[in-house]
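Below: the structure, in structure tokens.
In what follows, chains are A, B, ... by sequence order, proteins preceding strands, each numbered from 1.
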Amino acid sequence: MGKKIGLAAYLIDDPVQGALFFLGKKLAVKDPKGNIAGIIMETEAYGRAEDKACHGYGNRLTPRNKIIFQQGGITYVYFCYGMHHLLNFVLGPEGVPMAVLIRGVIITEGKELVKPRRKGIPEHQWADGPGKVTKTMGITLADNGISLIGERIWVEESGLEVPDSEIERTPRIGVDYAEEWAKKPLRFVWKKAINRLCLL
DNA sequence: CTCTCGATTAGCT
DNA sequence: GCTAATCGAGAGA
């Protein structure tokens with residue numbers, strides 16, 4: 001097991017730096033039957049009050065989004081489109097809405113636990129989307145607002161180096177309503193992760 | 001209370 | 001490329 005990522009990394013005061021930092025790290029979830037883990041290969045940066053795509057836009061506080069105003073180091077899980085749960089890591093100091101959306105993971109551990117719930121789906125498509133990440137890893141609203149330095153969900157060093165040259169930047173997905181913020185390149189994809197993992 | 005729409009996905013054309 | 005599925009959050013009355 002790799003070294004668990006500590007609180008300091010989550011207190012980073014910049015969602016872009018955070019989104020980049022977590023690429024190539026290992027996301028782990030403790031399931032009653034064993035751990036499920038995988039390498040994070042796609043993220044999106046959301047944040048600060050001026051980001052029109054962020055749930056904390058304009059610092060408006062609601063029962064749902066209050067989590068992202070808390071100090072970094074906890075999860076922000078919310079329900080979307082009536083059927084999907086989306087996982088974020090809350091970042092930054094308390095009072096500033098900032099988070100990284102985990103959009104893609106390559107499952108490396110606990111595959112035998114995943115198989116039954118992703119029946120008939122090829123392995124490389126198990127968690128190649130934000131809704132699929134939570135479904136594959138068994139993350140639900142019950143995991144909203146919990147510590148990322150805890151025993152249920154955490155992030156570890158993977159030992160993988162992610163060169164800047166292998167990170168693709170694109171606009172974020174599904175935020176067309178966010179006007180000028182819809183176009184900003186705040187989505188980060190490490191496409192070569194799959195190749196790299198084949199060598200392990 | 002009512003209405004709109006979403007940080008998506010799967011399946012079909 | 002298009003859209004149904006599906007329901008709660010958020011805004012406004």
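Note on A:Arg64: only backbone sugar-phosphate atoms sit closer than 4.0 angstrom, heavy atoms only; bases stay farther off. A:Leu101 comes within 4.0 angstrom of a base, heavy atoms only.
Across all strands shown, nothing is found opposite C:dT6 as a Watson-Crick or G-U wobble partner with both distances under 3.5 Å. With a cut-off of 3.5 Å on both pairing distances, C:dA13 has no Watson-Crick or G-U wobble partner at all.
Ranked by how close their nearest DNA chain B nucleotide is to the 5' end, A:Lys132 and A:Asn88 are led by A:Asn88.
A sub-4.0 Å separation between OP1 or OP2 of B:dG6 and a side-chain N or O of A:Tyr81 is absent. Between A:Tyr177 and B:dA7 there is a side-chain polar atom (N or O) within less than 4.0 angstrom of OP1 or OP2. Residue A:His84 places no side-chain N or O under 4.0 Å from the OP1 or OP2 atom of B:dA7. Checking the phosphate oxygens (OP1, OP2) of C:dG10, a side-chain nitrogen or oxygen of A:Thr62 falls inside 4.0 Å. For A:Lys135 and B:dT8, the shortest distance from a side-chain N or O to OP1 or OP2 is not below 4.0 Å. OP1 and OP2 of B:dA7 both lie 4.0 Å or more from every side-chain N or O belonging to A:Arg187.
Looking at the side chain of A:Arg60, the nearest of the listed nucleotides C:dA11, B:dA10, B:dA7 is C:dA11.
Under a 3.5 Å cut-off, the side chain of A:Arg169 and the backbone N or O of A:Phe188 do not form any donor-acceptor pair.
Under the side-chain contact (heavy atoms from CB on, under 4.5 Å) rule, A:Leu87 has a single partner from A:Asp143, A:Val100, A:Leu101, A:Leu27, which is A:Leu27.
A straight line from CH2 of A:Trp126 to C1' of B:dT9 spans 18 Å, rounded to a whole angstrom. Remark: C1' of C:dG10 and OH of A:Tyr57 are 15 Å apart, rounded to the nearest angstrom. Separating the CG atom of A:Asp128 from the P atom of B:dT9 is a distance of 8 Å, rounded to the nearest angstrom. Remark: P of B:dG6 and NZ of A:Lys52 are 15 Å apart, rounded to the nearest angstrom. For the pair A:Phe79 CZ and B:dC5 P, the computed distance is 19 Å after rounding to whole Å. Between the C1' atom of C:dA9 and the CE atom of A:Met83 lies a distance of 15 Å, rounded to the nearest Å. Atom NE2 of A:His85 and atom P of C:dT6 are 14 Å apart (whole Å). B:dT8 atom C1' lies 8 Å from atom CZ of A:Arg103, rounded to whole Å.
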Just do the side chain to side chain contact (heavy atoms under 4.5 Å, CB included) check on A:Ile102 and A:Val105 with the steps written out, would you? CA-CA 8 Å; A:Ile102 306 304; A:Val105 169; 3.9 Å; yes

Output, in order, the C-alpha distance, side-chain angles, deciding distance and verdict of side-chain hydrogen bond (donor to acceptor under 3.5 Å, both in side chains) for A:Trp181 and A:Glu179. CA-CA 5 Å; A:Trp181 284 86; A:Glu179 300 170 34; over 6 Å; no

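Aromatic rings from A:Tyr46 and A:Phe89 are positioned such that their centres are separated by 6.0 Å or more.
Inspection of the A:Trp190 and A:Glu42 side chains reveals no N or O donor paired with an N or O acceptor under 3.5 Å.
Applying the 5.5 angstrom centroid cut-off and the 30 degree plane-angle cut-off, the aromatic ring of A:Tyr78 is not stacked upon the base of B:dA7.
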